[in-house]
Amino acid sequence: MIQLYNTLTRRKEPFNPLEKGKVKMYVCGPTVYDFFHIGNARSFINADFVHRYFRYLGLEVKFIMNLTDVDDKIIKKSNEEGAGFSAIAKKYSDAFHEDIRKLKILPATIYPAATAHMADIIAMIEKLVEKGFAYNVEGNVFYDISKFTGYGKLSGKNTEELEAGSRVEVNSEKKNPLDFSLWKKAKEGEPYWESPWGKGRPGWHIECSAMSCKHLGKTFDIHAGGSDLIFPHHENEIAQSEAANGKPFANYWLHFGFLNIDSEKMSKSLGNFFTTRDILQKFQAETLRFFYAQTHYASPLNFTAEALEAADSGRLKIDNLFFRLEELAKDALPDDSLFREEYARFEEAMNDDINTPKALAVVFDAVKDINRHLAESNTATAYLASAKKFIQHTAGDVLAVLGEAKKEAGLESKLIELLIQLRLEARKEKNFALSDKIRDRLKEIGVILEDGKDKTSYKIV
RNA sequence: GGCGCUGUACCCAAGUGGCUUAAGGGGAAGGUCUGCAAAACCUUUAUUCGUCGGUUCGAAUCCGACCGGCGCCUCCA
């Protein structure tokens, strides 16, 4: 049984999906006005661990991630770059898809975009106005939080305290400073859509309510996102959806911890960020995933180049074994009575609120164990195949920290094999100067030779 | 000011009452293997969990105080 920490109830709870065997999950995606940074990547990757683990368990997952493709930042960027707002949105949506593919993040079932759901958004706002939860002030529609009794239940805030400590600039059109925009009247030169309240565009929060409802229904299982979205974004989503639909919104709320730099939150506004693209130039996607998997999703994580280097070394330990197993196991059939305990421990870790650090420890225990077995001669092929399958399922399918073998079957590998042969002959003649030269030169071009007991193997880095 | 998170070895990090006199990874030191490397394996690296009290037969884990770090309350993953 999976236990998840639910922000709404502030405790770990057994996860019971609405429909047995199926999971409906919504994760807040990016506003497409720039390349996303590695802090954003942390949330996307953590959501991917959850997604992948559900799949591993055989659950059918409907996974929705929205793309905010119209908002103030996009408009601002479009003015800066002198391109239309939709061109900006297109450019960074494309970049987003490219980057998450590189990060080995499983694609969502649907990536709904706000601009493609205007009718749904407007319909939901109309419903809120009808029911008395929203009011129109000359083309600006606001949500009236005083009408929704549960306001603050997710973030644990009560509205009086919020008012007391609020630094929100008072907008004289609002009845209450905490009321938020559902529909914004278009200013000169801004993109707009026609609506019952005139030309304008949706506020930020309403799109998630409208699109989650459209694609997952009024009530669904999991809603996830970064911790900074708890308030006001997710709080507002609850207010909108539950007021409009008269039904509970998401049953479980998962929130991802921040990535910090020098113990400070990495964010666009502070300017202390690296884009995912920057990092992927120096490190493999698997290394970044491994780095994130080493810390529980909800904890803050400090980013340093040294920590990423350490993650790279650790990850290679799993890779090295896996490549070896691939060579040794060949097409042998696994024996499914083996590794039962390892699978059980892995699942126990993941069931415990997606404890990836613990799950990784299970993988490393297995790695050490398998390596020991390999040191013995005559390891049964069924064992090798089972070991390979275990690593593939856990480090590969669920965590996706396994590097891809870069061996190619073509001319290249034949040439390398030829050099290995020549080197072997040199070694037989104790011409170590030559044999070392071959090894060193190959290393320079990224081919690492490793002398085994009776065979030299290579890997390409 | 309100709400919440957090402080575990040289670094990262799991562990929320006895299975732990504290997983796992990185780093470092010594050893095995090797012509030498690499990879891998073995050994060592926290009697101690921010500090001080308390509860308990028993606490890193519960309670209190104090010290430190961070986040949200405003766009933000």
Side-chain angles (χ1 to χ4, degrees), chain A residues 7 10 12 27-31 33 36-47 71-73 76 152 155-158 160-169 178 204 224-233 235 255-260 263-270 273 290-291 293-296 298-302 304 306-318 320-321 323-324 345 349 352 355-365 367-368 370-376 427 430-433 435-436 439-440 443 448-453 456-459:
Chain A
T7 309
R10 270 166 229 190
K12 261 188 224 177
V27 179
C28 288
T31 297
Y33 72 106
F36 65 85
H37 60 64
I38 54 174
N40 302 328
R42 184 177 181 209
S43 288
F44 301 150
I45 288 172
N46 277 132
D71 102 326
D72 294 348
K73 286 179 181 166
K76 187 173 168 231
S155 53
K157 301 188 185 297
N158 77 57
E160 284 168 27
E161 280 164 2
L162 278 171
E163 280 175 67
S166 175
R167 281 175 282 159
V168 185
E169 218 174 292
L178 288 167
W204 176 41
S227 298
D228 48 357
L229 297 183
I230 296 173
F231 190 91
H233 185 56
E235 196 68 63
H255 288 100
F256 307 121
F258 298 127
L259 186 66
N260 295 330
S263 299
E264 248 192 344
K265 177 183 170 184
M266 175 179 292
S267 79
K268 291 267 169 74
S269 39
L270 290 171
F273 64 92
F290 183 97
F291 175 58
Q294 277 184 302
T295 302
H296 183 76
S299 304
L301 170 59
N302 211 31
T304 60
E306 296 72 42
L308 217 49
E309 301 276 2
D312 199 46
S313 304
R315 184 186 69 75
L316 275 174
K317 193 167 177 174
I318 305 175
N320 285 333
L321 172 65
F323 293 148
R324 231 177 128 192
R345 286 181 60 215
D352 182 13
N355 194 330
T356 51
K358 209 195 245 179
L360 216 42
V362 174
V363 172
F364 275 107
D365 283 342
V367 166
K368 182 170 269 192
I370 296 163
N371 271 321
R372 260 187 231 137
H373 275 266
L374 292 185
E376 299 163 9
R427 288 177 70 203
K430 302 217 185 290
N431 186 350
F432 297 123
S435 73
D436 288 353
R439 185 171 64 195
D440 293 344
K443 190 178 177 185
I448 309 284
L449 298 192
E450 289 171 5
D451 294 329
K453 264 206 164 65
T456 295
S457 61
Y458 72 93
K459 63 182 179 188

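Nothing here was measured: the structure is a model prediction, and the numbers come from that model. Here is how names work: the chains are called A, B, and so on, in the same order as the sequence lines, proteins then strands, and each is numbered from 1.
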Q: Please state whether the phosphate of B:C3, meaning OP1 or OP2, lies under 4.0 angstrom from any side-chain nitrogen or oxygen of A:R10.
A: no

(Q) Would you measure the distance from the P atom in B:G7 across to the matching atom in B:C42 and give it in whole Å? (A) 30 Å

Q: Answer with base, sugar-phosphate or nothing: what part of the nucleic acid does A:L259 contact at a heavy-atom distance below 4.0 Å?
A: base

(Q) Regarding A:S263, tell me which of base, sugar-phosphate or nothing describes its non-hydrogen contacts under 4.0 Å with the strands shown. (A) sugar-phosphate

Q: Pick the P atom in B:A59 and in B:A77, then give their distance to the nearest Å.
A: 45 Å

Q. Between B:A46 and B:U20, how far is it from one C1' atom to the other, in whole Å?
A. 13 Å

Q | A:F231 side chain reached by A:H233 side chain, heavy atoms, under 4.5 Å | A | no

Q. Given Watson-Crick or G-U pairs with both distances under 3.5 Å, what dot-bracket string fits RNA chain B, with | for other-strand pairs and [ ] for crossing?
A. ((((((((.[[[..)..(.....]]]((((((.......))))))....[[[[[..)....]]]]])))))))....

Q: Can you tell me the distance, in whole Å, between the NZ atom of A:K358 and the C1' atom of B:U16?
A: 11 Å

(Q) If you only use heavy atoms from C-beta on, which nucleotide in B:A77, B:C73, B:G71 is closest to the side chain of A:M266? (A) B:A77

Q. Base, sugar-phosphate, or nothing: which does A:G257 touch, judged by heavy atoms less than 4.0 Å apart?
A. base

Q: Rounded off to whole Å, could you give me the NE2-to-P distance for the A:H233 and B:U74 pair?
A: 15 Å

(Q) Categorize A:G39 for me: base, sugar-phosphate, or nothing, with a 4.0 angstrom heavy-atom threshold over every strand shown. (A) base

Q) Given the C1' atoms of B:C19 and B:G1, what is the spacing between them in whole Å? A) 46 Å

(Q) Just the rounded figure in Å: distance from P of B:G4 to CZ of A:F258. (A) 16 Å

(Q) Heavy atoms only, 4.0 Å cut-off, all strands: where does A:L449 land among base, sugar-phosphate and nothing? (A) base

Q) Can a side chain N or O of A:N320 be found less than 4.0 Å away from OP1 or OP2 on B:A39? A) no

**Q.** Chi angles and distances behind the side chain to side chain contact (heavy atoms under 4.5 Å, CB included) call for A:I448, A:K443
**A.** CA-CA 5 Å; A:I448 309 284; A:K443 190 178 177 185; 3.8 Å; yes

Q) Which part of the nucleic acid, if any, lies within contact of A:H37, taking any heavy atom under 4.0 Å across all strands shown: a base, the sugar-phosphate backbone alone, or nothing? A) base

(Q) With a 4.5 Å cut-off on side-chain heavy atoms, are A:T456 and A:R439 touching? (A) no

Q.
On RNA chain B, does the nearest nucleotide to A:A307 precede the nearest nucleotide to A:D228 from the 5' side, or the other way round? Give the residue.
A. A:A307

**Q.** Between P of B:C76 and NZ of A:K265, the distance in whole Å
**A.** 9 Å

Q. Between B:A22 and B:U34, how far is it from one C1' atom to the other, in whole Å?
A. 37 Å

Q) Is the side chain of A:N371 donor-acceptor paired with the backbone N or O of A:V367 at a distance under 3.5 Å, no angle test? A) yes

Q. Would you say A:W204 and A:D72 make side-chain contact, with heavy atoms under 4.5 Å?
A. no

**Q.** Nearest-nucleotide pick for A:R439, side chain only, options being B:G35, B:G15, B:C76
**A.** B:G35

Q: Please report, rounded to the nearest Å, how far the P atom of B:A77 is from the CD1 atom of A:I38.
A: 14 Å

(Q) Measuring only the P atom in each nucleotide, how far is B:G68 from B:G26? A whole number of Å is fine. (A) 36 Å

Q. Which part of the nucleic acid does A:K157 contact within heavy-atom distance under 4.0 Å: base, sugar-phosphate only, or nothing?
A. base

Q.
Any base atoms under 4.0 Å from A:F231, or only sugar-phosphate, or nothing? Heavy atoms, all strands.
A. sugar-phosphate

Q. When you compare B:A65 with B:C70, how far apart are their P atoms, in angstrom units rounded to a whole number?
A. 22 Å

Q) So does A:S299 get a side-chain nitrogen or oxygen closer than 4.0 Å to the phosphate oxygens (OP1/OP2) of B:A14? A) yes

Q: Indicate, with a heavy-atom threshold strictly under 4.0 Å, whether A:R427 touches base, sugar-phosphate, or nothing.
A: base

Q) Is any side-chain heavy atom of A:F364 less than 4.5 Å from a side-chain heavy atom of A:K317? A) yes

Q) Counting any heavy atom closer than 4.0 Å, what does A:D451 reach on the DNA or RNA strands: base, sugar-phosphate only, or nothing? A) base

Q.
From CZ of A:R324 over to C1' of B:A38, roughly how many Å is that when rounded to an integer?
A. 12 Å

Q) Given B:A14, B:A38, B:A23, which nucleotide is nearest the side-chain atoms of A:I448? A) B:A38

Q: For the residue pair A:D228 and A:K265, establish whether any side-chain heavy-atom pair is separated by less than 4.5 Å.
A: yes

Q.
Taking A:S263's backbone N and O only, do any of them form a donor-acceptor pair with A:N302's side chain (distance below 3.5 Å, no angle check)?
A. yes

**Q.** Whole-angstrom distance between B:U47 and B:U8, as gauged at atom P
**A.** 15 Å

Kindly give the atom pairs (protein nitrogen or oxygen, nucleotide nitrogen or oxygen) under 3.5 Å for nucleotides 25-33 of chain B.
none

Q. Whole-Å distance between B:A23 P and A:H296 NE2?
A. 21 Å

(Q) Tell me whether the side-chain N/O atoms of A:N355 come closer than 4.0 Å to OP1 or OP2 in B:G15. (A) yes

Q.
I'd like to check A:F290 versus A:L360 (side-chain heavy atoms, cut-off strictly below 4.5 Å). Are they in contact?
A. yes

Q.
Counting the atoms with a prime plus P, OP1 and OP2 as sugar-phosphate, which does A:I230 contact under 4.0 Å by heavy atoms, base, sugar-phosphate, or nothing?
A. nothing

